[in-house]
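Below: one structure, written as structure tokens.
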Number of protein chains: 2
Amino acid sequence: MSVDFDTIVNLSKKRGFVFQSSEIYGGLRSAYDYGPLGVELLRNVKEQWWHSMVRMREDVVGLDSAVIQSPSVWEASGHLASFTDPLVECTNCNNRFREDKLDKADQCPSCGKTGTFTEAKNFNLMFKTHMGPVESTDNAVYLRPETAQGIFINFENVRRTSRLKLPFGIAQIGKVFRNEITPGQFVFRTREFEQMEMEFFCRPEEADEWFKYWVAERKNWYTDLGMKEDNVRFREHEQDELSHYSAGTFDVDYRFPWGFDELEGIANRTDFDLKAHMERSGKDLTYFDQEAGERFVPYVIEPAAGATRTTFAFLLDAYHEEEVRGDTRTVLRLDKRLAPIKVAVLPLSKKPQLSEVSAKLADDLRPLWPVEHDVTQAIGRRYRRQDEIGTPYCVTVDFDTLDDQAVTVRDRDTMAQDRVSMDQVAGYLRERLG
Amino acid sequence: MSVDFDTIVNLSKKRGFVFQSSEIYGGLRSAYDYGPLGVELLRNVKEQWWHSMVRMREDVVGLDSAVIQSPSVWEASGHLASFTDPLVECTNCNNRFREDKLDKADQCPSCGKTGTFTEAKNFNLMFKTHMGPVESTDNAVYLRPETAQGIFINFENVRRTSRLKLPFGIAQIGKVFRNEITPGQFVFRTREFEQMEMEFFCRPEEADEWFKYWVAERKNWYTDLGMKEDNVRFREHEQDELSHYSAGTFDVDYRFPWGFDELEGIANRTDFDLKAHMERSGKDLTYFDQEAGERFVPYVIEPAAGATRTTFAFLLDAYHEEEVRGDTRTVLRLDKRLAPIKVAVLPLSKKPQLSEVSAKLADDLRPLWPVEHDVTQAIGRRYRRQDEIGTPYCVTVDFDTLDDQAVTVRDRDTMAQDRVSMDQVAGYLRERLG
């Protein structure tokens, strides 16, 4: 089943996952803010990535490098010279467009004139700003367009302090900025987004093997977190599609409402980046293999995913509508690890004798999981809301609770209800939520 | 006991907490990258803040708003007009300086001439860049200098979707950017840093009471996480120190090596920000209290802390040197919740029969806590390293382990050692680490 684009955008806005940024000022095009549920979902996606890529591995450590780095970094990496889009300007209305996205008719999409375009000029996608009180070329700095370079320039610092031996990886999650001319499709392509990147350094002759290993690992990550196999596609780049630095790239594509599109790229970046930084900086970034008695520049396998678009994909993938007794039930079947709220505690009515009990139960459970104590509206509407935001368990306190000290636990997916003694609820949920 | 500034900077660099940013290119002034241990410590500080400010509270929800917002936001908030430092330029050497930081002698610190300064001009501390392909005034946008405004402009979105009633709070952790003319003191004052801010909306007549509440709450947070009471100071701003928007401010200061300096400010921002955004946007940001039948603009209490400088303070506060059998032992007495690595598993020697056992034990413990399996160097040096990075427990596999299936667990603070059966280690550690 596939969900229609507007449905998910509306749900996001209505339930507080994603808001248009600066909305009260008419919005800033293609910029978004993550609301109370969105921030928790995004945090959970990033946490799962960190858990699988850093915490559970002996051979990968983390890093958090600065957004604004020395301009030499972007000179060495090639971004200053070639991280560009070809732009033409209409000489009639002065609007600018990406040449590769224009129709062949040569007619300006803004003023309608034909034959008014200038020759294409390369426009750099890095946001430029100035550090210090003078706006001169000397002081120009850039917002990073990827987190990867922050890892390469720290390769030797990390190796030295962590005393890791090859193969090993360095992982980073962080904001990046790209001055896209044509952003769009909700949070899929925005000028500001979060990346989850890992650079895995290895011996050159082992790079192919590690490349295959990481392609398989990354596929498992998505499907283990509940993404439907049919909606995830692995596509190997043809030779003529490869970036200048890559000896091989796999895209992880997700079936978005507009078709398959990229979530992650897994690339064999060879020794391109370390060599480029060695050359530009004059610093030795080679690795000495003591056992083999050899010195060389490591190769790098890079799984690089978009955190915000991955979050969007999990949201789309979890969306379900189903008929229940003549009504349409909307339910987000998010993996329990990703669900923003794990347990909703609901008193059947607003009567104080119930809400006192439910408030205490919610307080008892809150140290264990993210809990919502929801006292508004009729119970049916509250179930419906919790289904729509993907809460795995609803715990209802009713009038019988006052007698039998038990509550009803409702499962989001099956809607099955169990009567559970209050002093057993935490254990019951722990078995299911971990 | 207080630690000397260079000692902590050197430890940070040597052990992989903090590196100078873009170091291989000579560094970028006052910019830093967090290494494998630093990123975990910073993550733990932010996680503890989120846990205490969002997760454990029924009345606070989270948000993650964009770094680049509509310029109208900064117009309304007053940042465009008055988030400035007074700068003078030396007409001889053209260097610029903060007037309020210059000596009275009127002598240029750069070229040494006197009487060469221009009149002071206001320099805006927001980083300016351009969105889209034209660098015109129309396209100028700014990197946020605080996360707070992203919360104010989403007040109505969050209220509507979360259905919270006053009083309630909205919390956010995120990067902010300030084009400081005189950054410095390691990670204390940098142009790019992370804030942890919460805006607590309440009825105007309850603002004083909530202000006191949050001052007390925030003090508890630092000391509960082990910061020494003597090193934390609460200081109320005098009337003439208050920001234009504030009806009262408390600073939380920490005893840094250069003296007490600010970690956090807790301010009563009144209705200043919501009113400013109402006026500029024309949108209704009032709150309707159904029970009281009243409509009003809420007051706001804001605890705003620096995540990166708080991390630095925890590092300083944890640093201890002590004499142990004639040697100096350096130990970071970090609260267990903050320690980057919770458990180090160490085989006594590199012999495979030991490292096979220790590797398996490390794998078993890794899903439970961040674990380091450290096989290099002599055992004494490894203990010393784990003490220096604040690891609460070292678990050593020795030759007796092969016979008795037990390991030695060493406590970081007391250096006491317990012999624990291998199948009980997880339980032993869980009692102590939670």
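This structure is a prediction, so every number in the text was calculated from the model and none was measured. Naming convention: chains lettered A, B, ... in sequence-line order (proteins, then strands); numbering from 1 in each chain.
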Part of [X] within contact of chain A (heavy atom distance under 4.5 Å):
X	answer
B:F177	side chain
B:Q69	both
B:I153	both
B:N157	both

Counting only non-hydrogen atoms closer than 4.5 Å, does [X] touch chain B with its backbone (N, CA, C, O), its side chain (CB onward), both, or neither?
X	answer
A:E156	neither
A:V371	neither
A:R191	side chain
A:H277	both
A:E372	side chain

* To do: Take the angle between the ring planes of A:F168 and A:F155 and call it parallel below 30°, perpendicular above 60°, tilted in between.
  => parallel
* Would you check if A:I68 and A:L143 make a side-chain contact, meaning some heavy-atom pair closer than 4.5 Å? => yes
* **Student check: side-chain heavy atoms of A:V187 and A:Y34 closer than 4.5 Å** => yes
